[in-house]
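The block underneath contains the structure these notes are about, expressed in structure tokens.
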Amino acid sequence: MLSSRGKAASMLRSSHRNWEGANRFLCNGRIMLGPEVNVCLLTFFLCCLPAATFLAGVAPFTSDDESQCTIIGCVGAFIFFLTSGAFWTAACRDPGVIPRSMDTESGRTHRFALNQRHIINGFEVELKFCTTCQIFRPPRASHCAVCNNCVRRFDHHCPWLGTCVGVRNYRPFLLFVFSAASGCVYFSYFSVLRLISVAPSGMSFWSTCWKAIARTPVSFCLLLYCCVFFFFVGGLTAFHSLLVALNQTTTEFLKGTFRGKINPFSKGILCNCLSILCFRAPPSLVGTEVGSDEDGTAKLIENMDIGDPPTTATAISTTEPPSRRNPGVQINT
């Protein structure tokens, strides 16, 4: 007899071998990468380049005090390892993929016979049926065309990670973006200090700048690189800070899902931040079976996504036209 852990591992191995999505698996399915692995490796190289340049060409020359240079280098190394750890955690973790329904005949029946709706926290939510995965997607879930999977609390498909960002890897994605932006600021600051320390006096401004660049071209190149890189990660940091405060995903914000409507998942700025940044992410569903009927969807809704309030879901399956339905706020997922 296999233990529950052994059964779960066996199901995980069999599921990833028969996976119909575009993901790539390593270590018997324990590591789940997106389809764009080359992009993921390129992004990691772009993160390593400024860190290596700073530690080798800038940090040792920032001060005449050797111990101070060591401290500056250690802080830079810490930021790099924090960024790298968050990056690989986000890239290698299941983002919240919903397994496809194996009962395709039942899925087709539910697709054409029923219009599945649920009452969540007093709001009426009409669920969309995914013809590819043969399931009714839970609230805030969406199908990624690149990875070819439905993902819980789908935020976006990240070109930097080469995979989706969803309920299970959103927090490490935030940590990666925030730490990368912090690293750009940190490296840029000491690059400027290094340029100032070698700049000659008694010359015009532009002559002084050219002399400083000629004396430490490594500092100037690092400063230029970090400024360009910060243009991307700094913008992402500001944008996702706004999304966390509003408790919205990138997809919801761009589509205007809650524009002019009440967001049933928002609990105020402070609670939104705490729920997304501090609460534990739900377990992975890879290796499990999800039905296409009301019971299967209700199980997904009961285990709501990160940043969502505790929910009581009531299934309403009906073929009534919209005019006969109970009035309320409808969220099309």
Side-chain angles (χ1 to χ4, degrees), residues 8 11-43 87-112 116 126-170 172-173 176 249-255 257 281-293 296-297 299-301 303 305-306 332-333:
M11 291 182 66
L12 180 63
R13 288 193 294 268
S14 61
S15 64
H16 90 262
R17 287 169 184 162
N18 302 319
W19 194 257
E20 297 184 38
N23 301 86
R24 299 185 184 184
F25 291 87
L26 299 174
C27 300
N28 287 328
R30 292 179 178 85
I31 296 178
M32 184 178 187
L33 296 168
E36 301 162 325
V37 179
N38 293 336
V39 176
C40 179
L41 295 175
L42 177 61
T43 303
F87 173 80
W88 285 114
T89 301
C92 298
R93 177 181 288 182
D94 165 27
V97 172
I98 305 173
R100 305 186 183 199
S101 175
M102 297 294 101
D103 190 0
T104 57
E105 293 298 327
S106 175
R108 293 192 187 99
T109 301
H110 287 298
R111 167 67 181 91
F112 294 107
Q116 217 181 89
E126 184 173 351
L127 308 184
K128 287 184 178 180
F129 187 85
C130 179
T131 56
T132 302
C133 300
Q134 295 292 310
I135 59 170
F136 282 96
R137 293 196 294 260
R140 317 191 86 177
S142 185
H143 189 91
C144 176
V146 180
C147 295
N148 198 22
N149 294 310
C150 281
V151 179
R152 289 179 289 171
R153 200 183 186 275
F154 177 78
D155 192 86
H156 68 287
H157 181 87
C158 181
W160 300 89
L161 300 175
T163 188
C164 295
V165 175
V167 60
R168 301 194 70 249
N169 65 345
Y170 186 65
F173 168 77
F176 162 64
T249 65
T250 300
T251 302
E252 292 168 347
F253 186 86
L254 296 180
K255 288 184 176 180
T257 303
S284 174
L285 296 178
V286 176
T288 62
E289 295 182 2
V290 177
S292 59
D293 56 0
T297 308
K299 291 179 181 179
L300 289 174
I301 294 177
N303 186 17
D305 304 338
I306 187 172
N332 295 320
T333 57

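Sequence positions, counted from 1, serve as the residue numbers for this chain.
The ring pair (Phe, Tyr, Trp, His ring centres under 6.0 Å) test applied to H143 returns no partner, not counting sequence neighbours. Here V146 pairs with P35, E36, C144, H157 under the side chain to side chain contact (heavy atoms under 4.5 Å, CB included) rule; sequence neighbours left out.
For the pair V151/R168, no side-chain contact is recorded, criterion being any heavy-atom separation below 4.5 Å from C-beta on. With contacts defined as side-chain heavy-atom distances shorter than 4.5 Å, the pair C40/F87 qualifies. When side chains are defined from C-beta on, K128 does not count as touching S142, because their heavy atoms never get closer than 4.5 Å. Between N149 and C164, every side-chain heavy-atom pair lies at or beyond the 4.5 Å cut-off. Taking 4.5 Å as the limit, some side-chain heavy atom of P282 sits within range of a side-chain heavy atom of V167.
For the residue pair V97 and L285, the shortest heavy atom distance occurs at O-CB, 3.8 Å. Pairing each heavy atom of C150 with each of R137, the nearest pair is SG-CD, 3.4 Å. The minimum heavy-atom distance between I135 and P99, with the atom names listed, is CG2-O, 4.1 Å. The two residues R140 and T249 have their closest heavy-atom pair at NH2-N, 4.1 Å. Nearest heavy atoms, F136 versus L127: CD2-O, 4.0 Å. Between A90 and L161, the closest heavy-atom pair is CB-CD1, 3.8 Å.
Evaluation of the side chain to side chain donor-acceptor pair (under 3.5 Å) test over residues 87-96, restricted to residues two or more places apart or in two chains, returns D94-S284.
For the atom pair CG (N169) and CZ (R153), the distance works out to 11.0 Å, reported to the nearest 0.5 Å. Between N23 atom CG and L33 atom CG the span is 8.5 Å, to the nearest 0.5 Å. Atom NZ of K255 sits about 14.5 Å away from atom CZ of F253, to the nearest 0.5 Å.
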